[in-house]
Amino acid sequence: MTETVLLVGGGGREHAIADALADDTELYACASNRNPGIARLAAGFAEREERDADGIVAYAESVDADLAVIGPESALEAGVADDLEAAGVYTFGPSADAARIETDKQFQRRFMAEESIPGCPAFETFADAAAAADYVAAVEHDVAVKPTGLTGGKGVRVTGDQLSRDEAVDYVRESGYDEWVIEERLVGEEFTVQAFVANGEVRPTPAVQDHKRAYEGDEGPNTGGMGSYSAPERTLPFLEASDYERAVEILEATVDALPSYEGILYGQFMATADGVQVVEFNARFGDPEATNTLPVMETPLVDVLTTARDGESLPELSFAETATVCKYAVPEGYPTDPESGARITVDEESAGDARLFYASVDERDDGLYTTTSRAFAVVGTGPSIAAAEAVASDAVGAAGEGLRHRSDVGTAASVQRRVDHLAELRGGTVE
Ligand code: AMP
Ligand code: GLY
């Protein structure tokens, strides 16, 4: 039987999900922007805000959806999964309550502490900005300051890295958020491990390294992610196999403590001198990380979704032993002052051997327009990270005019810097 699937969300992550489902399902999609890549793969596309649970449920019913997949955290927070389930549509994505593991950072850290989930940094929570700022001024070590709620990946600041203590105090006092988590700064190399979770089972996928900072060399403000890479094996060049295994153990411990969780559990980890620590959890695929993971997943995505729905054991996942490099093209000024509403041309032919995933662009009658977020991603694959990088690099420059990207994502020099950094922190010799 062909399943009728509704996909919620219109970014690069959702284009990658659509790509993984389109051949095996009757696919429908809804998002606030008309993503031309998703629209082309889908039998129908409705423009709906991602938080518009009523509108999304009505669309799911109108297309007679058998199951739904939710891409963005905003939809999860708004209870779209709850409302679709209530309407009888099985939804791969957690309830709003379970999604607090991402959407409420105070909950996330308290949960880790109460459940003794390994890898939790020292933290304090605050209900008002003045108290949080006083704490930042007084504490002796470097800290990460985090507004409790969703900020699109752009709300966190880290002292000793992005800003001074005084700047952090001013930021906490003046940025308009009330509730804060202030935690110990972790030093090391970040990596992501995403897992499919259903019926208490956890199926991890290969590690990915995202690049959150806006500019080359990890300078500038945080973004939703400028690009990312994965290796032919499940781990990454700077990690020990035991780091990846530890990350998976942490995801498993988390799911043991959240028995009704269904969907993707995304762990953002820091490999440090003292082992693997948790930077955060997300309740959905990463963007860009989904664009690394799904194109090399050999197990059909629809099989994972239907076994989850039917309460069966999830399939063991198989991945091509191929490296991937994703590079995002973003509007000038992104993320602080992005140029939205600019008309752009994307030349898919020029992407060559790379896959091109459209992101937060809007297709209108007279062409393609930027929004305030990332425009498109290209993903190169190859036998090594360097080979995949060369494919992505050729594609990203050729495919879009007037957009910016980070040329260093996945280059041999950049990956080696990360290997050296962690080796140095761990007291090893740097070759
Ligand atoms: P988050 O929104 O929690 O993922 O944070 C965004 C980024 O801030 C992370 O990817 C890290 O680069 C950085 N970050 C968050 N928490 C910490 C921490 N405790 N120590 C160092 N960096 C952090
Ligand atoms: N790439 C980071 C995220 O999706 O949150």
Would you indicate whether the side-chain heavy atoms of [Y] and [X] approach each other to under 4.5 Å?
| X | Y | value |
| --- | --- | --- |
| Ile117 | Phe111 | yes |
| Val208 | Thr293 | yes |
| Glu102 | Glu77 | no |
| Tyr177 | Thr151 | yes |
| Val361 | Ile344 | yes |

Sorted by first residue and then second, give each side-chain hydrogen bond (donor to acceptor under 3.5 Å, both in side chains) pair with at least one member in residues 109-124; sequence neighbours left out. Gln106-Arg110, Arg109-Glu183, Arg110-Thr125
Applying side-chain contact (heavy atoms from CB on, under 4.5 Å), run through Arg234 and Phe319 and close with a yes or a no. CA-CA 9 Å; Arg234 286 192 176 224; Phe319 293 88; 3.4 Å; yes
Counting only heavy atoms from other residues, nucleotides and ligands, does the tally under 6.0 Å from [atom1] of [X] exceed 12?
| X | atom1 | result |
| --- | --- | --- |
| Glu332 | CD | yes |
| Asp128 | CG | yes |
| Glu298 | CD | yes |
| Glu233 | CD | yes |

Judged by modelled atom types alone, do [X] and [Y] share a side-chain donor-acceptor pair under 3.5 Å?
| X | Y | value |
| --- | --- | --- |
| Tyr358 | Glu348 | yes |
| Asp420 | Gln416 | yes |
| Asp408 | Tyr215 | no |
| Tyr28 | Glu26 | yes |
| Thr371 | Asn33 | no |
| Asn292 | Ser228 | yes |
| Thr381 | Thr322 | no |
| Glu389 | Tyr229 | no |
| Thr192 | Gln209 | no |
| Glu189 | His421 | yes |

Mind running side-chain contact (heavy atoms from CB on, under 4.5 Å) on Glu201 and Val255 for me, showing each step along the way? CA-CA 8 Å; Glu201 289 183 321; Val255 172; over 6 Å; no
Side-chain ion pair, [X] and [Y], N-O less than 4.0 Å:
| X | Y | result |
| --- | --- | --- |
| Glu424 | Arg417 | no |
| Asp66 | Arg309 | no |
| Asp19 | Arg355 | yes |
| Glu73 | Arg284 | yes |
| Arg165 | Asp170 | no |

Rounded distance (nearest 0.5 Å) linking atom [atom1] of [X] with atom [atom2] of [Y]:
| X | Y | atom1 | atom2 | answer |
| --- | --- | --- | --- | --- |
| Ile101 | Tyr266 | CD1 | OH | 14.0 Å |
| Asp218 | Met226 | CG | CE | 11.0 Å |
| Asp310 | Thr306 | CG | OG1 | 6.0 Å |
| Leu76 | Glu50 | CG | CD | 11.0 Å |
| Asp256 | Tyr261 | CG | OH | 14.5 Å |

Testing Arg418, Lys212, Gln268 for side chain to side chain donor-acceptor pair (under 3.5 Å) with Glu190, which one passes?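 With Glu190 as partner, side chain to side chain donor-acceptor pair (under 3.5 Å) holds for just one option, Gln268.
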[X] side chain vs [Y] backbone, donor-acceptor pair below 3.5 Å:
| X | Y | value |
| --- | --- | --- |
| Asn199 | Glu312 | yes |
| Ser95 | Asp82 | no |
| His211 | Gly227 | yes |
| Arg185 | Val158 | no |

Have a look at Val302 and tell me which of Thr2, Thr307, Asp24 forms a side chain to side chain contact (heavy atoms under 4.5 Å, CB included) with it. Asp24
When the aromatic ring centroids of [X] and [Y] are compared, is their separation below 6.0 Å?
| X | Y | result |
| --- | --- | --- |
| Phe126 | Tyr135 | yes |
| Trp180 | Phe123 | no |
| Phe196 | Phe285 | yes |

Which pairs with one or both residues in residues 259-283 pass salt bridge (charged side-chain N to carboxylate O under 4.0 Å, His left out), sequence neighbours excluded?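 Qualifying pairs, neighbours excluded: Lys105-Glu280.
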Please say whether the positively charged group of Arg157, taken as NZ for Lys or CZ for Arg, lies over the ring of Tyr171, i.e. under 6.0 angstrom from the six-membered ring centre and within 45 degrees of the axis.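 Pair Arg157/Tyr171 counts as cation-pi.
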